[in-house]
Each structure stands twice: as C-alpha cells, then as structure tokens.
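Before any comments, here is the structure.
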2 protein chains.
Amino acid sequence: MPEVDYQRFRERVAAWQPELVREVFRQHQHLIRVKKEEVALDRLDLILRTALDISNRKGFKSMSVRDLSEATGISMGALYAYIDSKDGLLDMIMAYGSVAARWAVQVPDQVVGARSRLDWVLRSHLYLSEVLLPWFFFAFMEARHFSQRAREQAMGSELWMERLISECLEEGNASGEFAVARPDLAGALIKSLLQDWYLKRWKYRRRNVDVEAYTGTVMEFIEAWVLPDRSTAPGRVQTDQSSRVNHEKGSV
Amino acid sequence: MPEVDYQRFRERVAAWQPELVREVFRQHQHLIRVKKEEVALDRLDLILRTALDISNRKGFKSMSVRDLSEATGISMGALYAYIDSKDGLLDMIMAYGSVAARWAVQVPDQVVGARSRLDWVLRSHLYLSEVLLPWFFFAFMEARHFSQRAREQAMGSELWMERLISECLEEGNASGEFAVARPDLAGALIKSLLQDWYLKRWKYRRRNVDVEAYTGTVMEFIEAWVLPDRSTAPGRVQTDQSSRVNHEKGSV
DNA sequence: GAGTGTAGAGCGAGCGCTCGCTCGGTTTTT
DNA sequence: AAAAACCGAGCGAGCGCTCGCTCTACACTC
C-alpha cells in the first residue's frame with residue numbers, strides 16, 4: 001500500500017548524499033579560501049557534521065569557534081579558511097538541509113490520488129528527518145536566532161509543507177477519499193506529529209521505537225481522522241466509499 | 001460535555017496566580033538580598049516576566065544581564081539583589097512554571113470515567129499553556145541548556161504528562177470507552193499536539209485560531225482515533241456504548 | 001634525482017570587545 | 001540616623017576573528 005518504504009528511501013538518498021557537501025561548497029565558494037575542491041570537501045563535511053553535533057548539545061550560540069576547532073582537530077586559522085564567519089557557518093548548515101529537502105520531497109508524477117499523495121509526502125518527510133535528524137533538530141531549535149530574512153524563509157518553508165498536506169486533504173475531500181472538517185488546521189496538526197519524531201528522539205530511542213513503527217502509528221492516527229470510515233484494527237482494507245457512514249451533521 | 005472550559009479555567013487561575021511570585025520568592029528567599037516581601041514581589045514579577053520575554057526572542061544565553069537591566073529599568077547592582085546569578089534566575093523561572101503546573105493540572109475527584117478524565121487532562125494542559133505561554137515556550141526551548149539535574153527533571157515531567165494520558169487511554173480500553181492500539185505511543189503523539197499550541201503560536205495567531213477553536217479541533221482529532229466508533233461531524237452525541245461497531249480485528 | 005621556487009594549506013598567540021558579576025558610594029525609607 | 005534599597009564604573013574571563021608565520025606538495029631546472 002505505501003508508495004515508499006524506509007529501505008527504498010535510504011537507497012535513493014544514498015545516491016545523492018555525497019553530492020550534498022559539494023553543492024554547499026560550490027554555493028559558498030566565493031567565501032571559502034581553500035581552492036582545491038577535493039581537499040575542501042572532506043573537511044567541510046567534517047566541519048558541518050561536528051558543528052551540528054555540538055550545536056545540538058549546547059546550542060549554536062554557546063558553541064565557541066574554539067570548541068569547533070578542538071572537536072574537528074582543525075586549527076582556528078585553518079577553520080576560517082572554510083568559513084567566513086560564525087554566521088556564515090550557519091548559512092552553510094542551513095543550505096545543506098535546504099538542498100536535501102529540495103532533492104527529497106518532490107512528489108513524482110506516477111503518484112496519483114489524494115491518499116497516495118498524502119502517504120508519499122508524509123513518509124518522505126519522516127524518512128528525510130530520520131536521515132538528517134541533526135539538521136532538522138538544529139533548524140527547528142535555532143530558527144529564532146536567524147536573521148530576519150532567514151527566519152522568514154524558515155517560516156515560509158514550514159507553511160509550504162503545511163499547505164502541501166492541506167492540499168492533499170482538500171483534494172481528498174473533493175474526490176470523496178477523505179472527509180475532514182478543517183483541512184487548514186488539520187495540516188498544521190499533522191505537521192506537528194511529523195515534527196515530534198525529530199524533536200523528541202531521545203524518548204522514542206529509549207522505547208525502541210524505530211522510524212517505521214513511528215510512521216506506521218502516525219499514518220494510522222491520521223487516517224483514522226481523515227478517512228470517511230474506518231476500523232481501528234491495523235491491516236484493514238476499507239478504502240472504498242461504499243462503507244461510509246452517513247453522519248448526521250445537525251445532531252445535537 | 002467538556003469538564004471545563006477556558007473561561008472557567010481562567011477564573012480559577014486568576015485566584016491563585018498572584019500568589020505564584022510569592023511562592024517563588026519564598027522558595028528562593030535565602031538567595032535574595034532584598035528583605036521586605038512586599039517591596040520584592042513587584043520587581044521580582046517584573047524581572048521574571050521581562051526575562052521570559054527577552055529570552056523567548058533571542059534565547060536565554062544571548063540575553064545579557066545588561067539587557068535585562070535596561071529592559072526592566074533596574075540597575076545591575078539592584079538586579080543582583082534579586083537574583084544570585086544568571087543560572088539562579090533560570091531556576092526561579094523554572095520554579096514559577098513548576099508551581100503553576102502543580103496547582104493547575106491535578107484531576108479533581110468528581111471527574112470520573114476515562115473519557116472525562118482525558119478531556120480534563122488535555123484541556124487543563126492546553127489552557128494552562130495558553131495562560132503561561134511564555135513560560136511553556138521557554139521551558140521547551142531552553143531545556144537542553146539546563147544542568148543535568150534540571151534536564152532530567154524536565155524529561156521526567158514530560159514523561160509524567162504522557163503517562164497521565166496513556167493511563168487514561170488504557171483505562172478507557174479496559175472499560176470499552178476507547179479502542180486504541182498502542183496507548184504508549186498514542187500518549188506521546190497526543191502530547192505533541194498539545195505542544196504545537198505554544199511552540200507555533202505565531203502560526204495560529206496569524207490565522208485567528210484561538211485556544212478554544214484549537215482545543216476543539218484537537219479533541220475531535222484525538223477522539224476520532226481513540227473512540228471505538230465515530231462520526232466526523234462536529235457536535236455529535238454518540239457517547240454510549242450501544243452504538244459501537246463491532247470491528248473485526250483479523251480482517252486483512 | 002637532487003636542488004629550488006612557489007602556491008596552497010595549516011597554525012595558534014593575540015587583538016578588541018562583551019560577558020557575568022562585584023563593590024564602594026549614594027539615595028530612599030522608616 | 002540607621003537600615004534598606006539602589007546605582008554603575010570596573011574586574012577578569014571568554015568570545016569571534018586576524019595575521020605573521022610555518023609546513024607540505026609539486027613543477028621546473030640542471
């Protein structure tokens with residue numbers, strides 16, 4: 001039934017993930033003093049990973065450049081050949097995830113129908129946040145420290161994701177696949193369920209809940225709400241409209 | 001149907017809210033140089049409010065004590081008569097919300113039955129987070145900067161709230177009021193819906209969604225999942241068990 | 001293949017600045 | 001006039017960032 005599973009998603013991501021740092025390097029090359037691409041890529045990758053790691057433990061603001069220097073083993077001077085400033089490092093980190101998101105979540109043409117599209121969008125988002133967990137956590141937690149321009153961009157992409165979900169719901173309402181009262185609010189609530197996966201990871205790790213189990217429960221939760229009819233038992237099949245209950249809107 | 005609404009909740013809170021700062025003052029009196037309680041309370045209240053305001057805009061770490069001094073109009077020296085250190089200020093802020101939570105969310109004895117209890121717990125949490133929004137936002141965003149002891153306490157209270165929800169669900173499963181597959185995971189997911197209200201406030205404010213509208217939608221969302229049967233129309237009445245559908249667990 | 005010039009990459013002590021916090025003196029209250 | 005509260009210049013530590021220098025790899029000369 002699902003349009004994609006985690007295993008296949010990982011394989012698809014593995015194909016372009018090494019190119020991510022290269023893309024970031026090229027976007028910011030005018031600010032980077034290191035000339036040779038092949039020399040730069042490994043260390044840039046190390047810098048970005050380490051910066052995310054330290055920032056997610058003590059906050060970007062609290063991470064001193066000396067901390068980063070010690071953790072990467074790259075001297076202060078050399079570090080500043082890769083970044084033009086601490087804020088520039090933040091820009092590169094954000095670019096890293098933005099590029100990944102752009103490459104990962106576009107819905108392919110062969111996925112048609114509201115329910116399939118919703119399934120695809122939600123799963124892609126969850127799976128990507130699993131692969132790039134440190135980045136998603138960082139982007140959420142540090143967003144309010146961004147410059148106004150960057151913050152508005154972050155808010156915009158949050159709203160974009162929501163509208164993507166809401167549009168699926170509206171499309172489903174129109175086709176009869178779904179029956180949900182407020183697609184706008186529903187989109188917001190569904191997004192918060194996706195977010196919990198990377199915001200509260202410690203909780204799920206402690207309980208041995210993996211991304212597939214989480215995704216499964218979330219999809220059930222959502223479908224219980226948006227489908228016109230349902231049975232709470234997992235593995236159900238009712239997707240046709242014939243089994244819908246004719247609910248009485250006017251009842252007190 | 002609901003055990004409590006926002007209006008009544010506010011009235012109840014208004015009765016003890018002025019006593020909150022007094023409680024915080026007394027808990028930390030040994031660290032406060034200002035002797036006279038009546039002199040101290042107003043300024044302590046101002047300090048806590050302003051600190052929350054600045055912290056929520058630029059982060060607790062980035063808020064300098066000079067910022068706080070200028071914003072409150074209290075000189076550096078006088079400020080340090082109310083707080084023993086910046087970390088001490090953080091302790092007082094956390095105490096403020098902890099006391100409020102303790103006073104606000106205990107379930108009264110007259111609320112019986114799983115569905116009523118769940119309703120009461122969720123609404124109380126949502127309403128309290130509306131009244132103390134700056135505190136809830138602060139507690140979530142700054143938790144990772146706490147000392148290990150404080151962080152474990154925060155994690156504990158997060159898990160406590162979840163277990164409260166999960167227990168309602170389990171109780172409801174046992175009594176037949178609910179039929180939810182994984183009460184533990186469900187508790188976590190439901191909590192994330194409550195959290196979205198204070199984490200993404202800008203979004204809901206922009207859409208003119210108030211706390212009652214949000215609460216209503218969330219409660220519908222949740223009940224669509226946990227109730228054994230449902231109708232998507234708002235204002236429905238089916239709460240008795242006679243209308244339950246006998247769902248077939250084994251169906252493919 | 002040994003010697004040499006050079007550009008790229010790396011290094012870390014030190015600069016100017018802001019931070020949390022203090023303390024001797026002043027104003028207000030009782 | 002004593003006690004309580006308030007004030008803000010000044011302290012050492014730590015911050016982001018720089019800059020004069022060294023090290024390394026490789027093309028070129030003889």
Side-chain angles (χ1 to χ4, degrees), chain A residues 21 25-26 28-48 50-52 54-55 57-93 142 145-147, chain B residues 21 25-26 28-48 50-52 54-55 57-93 142 145-147:
Chain A
V21 187
F25 174 77
R26 288 184 178 162
H28 295 77
Q29 200 158 16
H30 57 109
L31 299 171
I32 297 176
R33 282 213 318 274
V34 176
K35 298 284 165 66
K36 298 179 189 168
E37 194 167 302
E38 293 313 314
V39 175
L41 291 184
D42 279 356
R43 301 208 113 182
L44 190 56
D45 190 62
L46 176 65
I47 290 169
L48 294 178
T50 310
L52 277 175
I54 301 175
S55 293
R57 275 187 287 109
K58 45 196 261 184
F60 184 75
K61 189 85 184 183
S62 295
M63 174 191 71
S64 74
V65 182
R66 280 175 185 82
D67 288 342
L68 186 57
S69 168
E70 280 176 29
T72 55
I74 301 172
S75 70
M76 289 292 294
L79 204 51
Y80 271 89
Y82 290 90
I83 65 177
D84 72 312
S85 67
K86 201 185 170 189
D87 278 346
L89 169 62
L90 196 146
D91 287 342
M92 283 198 289
I93 291 175
E142 306 292 346
H145 305 314
F146 294 172
S147 65
Chain B
V21 187
F25 174 77
R26 288 185 178 160
H28 296 78
Q29 200 158 16
H30 58 109
L31 300 170
I32 297 176
R33 283 214 316 275
V34 175
K35 298 285 163 65
K36 298 179 191 166
E37 194 167 300
E38 293 313 314
V39 174
L41 291 186
D42 278 356
R43 302 208 112 182
L44 190 56
D45 190 60
L46 177 65
I47 291 169
L48 294 178
T50 311
L52 277 175
I54 301 176
S55 293
R57 275 187 287 109
K58 44 198 261 185
F60 184 75
K61 188 83 185 185
S62 295
M63 174 191 71
S64 73
V65 181
R66 281 176 183 81
D67 289 341
L68 186 58
S69 169
E70 279 175 30
T72 55
I74 301 172
S75 70
M76 288 293 294
L79 204 51
Y80 271 88
Y82 291 89
I83 65 176
D84 73 313
S85 68
K86 201 184 171 189
D87 279 346
L89 169 62
L90 195 146
D91 286 342
M92 283 198 290
I93 291 175
E142 306 293 344
H145 305 314
F146 294 171
S147 63

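Order of the sequence lines fixes the chain letters, A, B, ..., with proteins taken first and strands second; residue numbering starts at 1 for each chain.
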Starting from [atom2] on [N], measure out to [atom1] on [X] and report it in whole angstrom.
X	N	atom1	atom2	result
A:I54	D:dG16	CD1	P	11 Å
A:K35	C:dA7	NZ	C1'	9 Å
A:L31	D:dC17	CG	C1'	15 Å
B:F60	C:dC19	CZ	P	14 Å
B:K61	C:dT18	NZ	P	18 Å
B:R33	D:dC6	CZ	C1'	10 Å
A:E38	D:dA25	CD	P	17 Å
A:L90	D:dC17	CG	P	12 Å

Could you report the tightest heavy-atom contact between [X] and [Y], atom names first, then the distance?
X	Y	result
A:A40	A:F25	CB-CE1, 3.5 Å
B:A71	B:T50	CB-CG2, 3.6 Å
A:A51	A:L89	CB-CD2, 4.0 Å

| field | Nucleic acid contacts of residues 69-83 of chain B, taken as heavy-atom distances under 4.0 Å to DNA chain D | value | B:S75, B:M76, B:G77, B:A78, B:Y82
| Hey, does B:S69 have a side-chain heavy atom less than 4.5 Å from the side chain of B:L79? | yes
| Side-chain touch A:E37/A:R26, heavy atoms, less than 4.5 angstrom | yes
| Closest to the B:S64 side chain: C:dG8, D:dC6, C:dG20? |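 Nucleotide nearest to B:S64's side chain: C:dG20.
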| message | With a 4.0 Å limit, can you tell me whether A:R66 has a side-chain N or O closer than that to the phosphate oxygens OP1/OP2 of C:dG12? | response |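 For C:dG12, neither OP1 nor OP2 has a side-chain N or O of A:R66 closer than 4.0 Å.
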| query | Does A:K86 make a cation-pi contact with A:Y80, if we ask for NZ or CZ under 6.0 Å from the ring centre and within 45° of the axis? | reply |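 Judged by the rule, A:K86 and A:Y80 form no cation-pi pair.
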| task | Salt-bridge test for B:D84 and B:R33: reply yes if a basic N is under 4.0 Å from a carboxylate O, no otherwise. | result | no
Dump every N/O contact between nucleotides 25-30 of chain C and the protein below 3.5 Å, one line per pair.
none

| query | Out of curiosity, B:D87 CG to B:M92 CE, how far, rounded to the nearest 0.5 Å? | reply |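 It comes to 11.5 Å.
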| What do the steps show when you test A:H145 against A:K61 for side chain to side chain contact (heavy atoms under 4.5 Å, CB included), and what is the final call? | CA-CA 9 Å; A:H145 305 314; A:K61 189 85 184 183; 5.5 Å; no
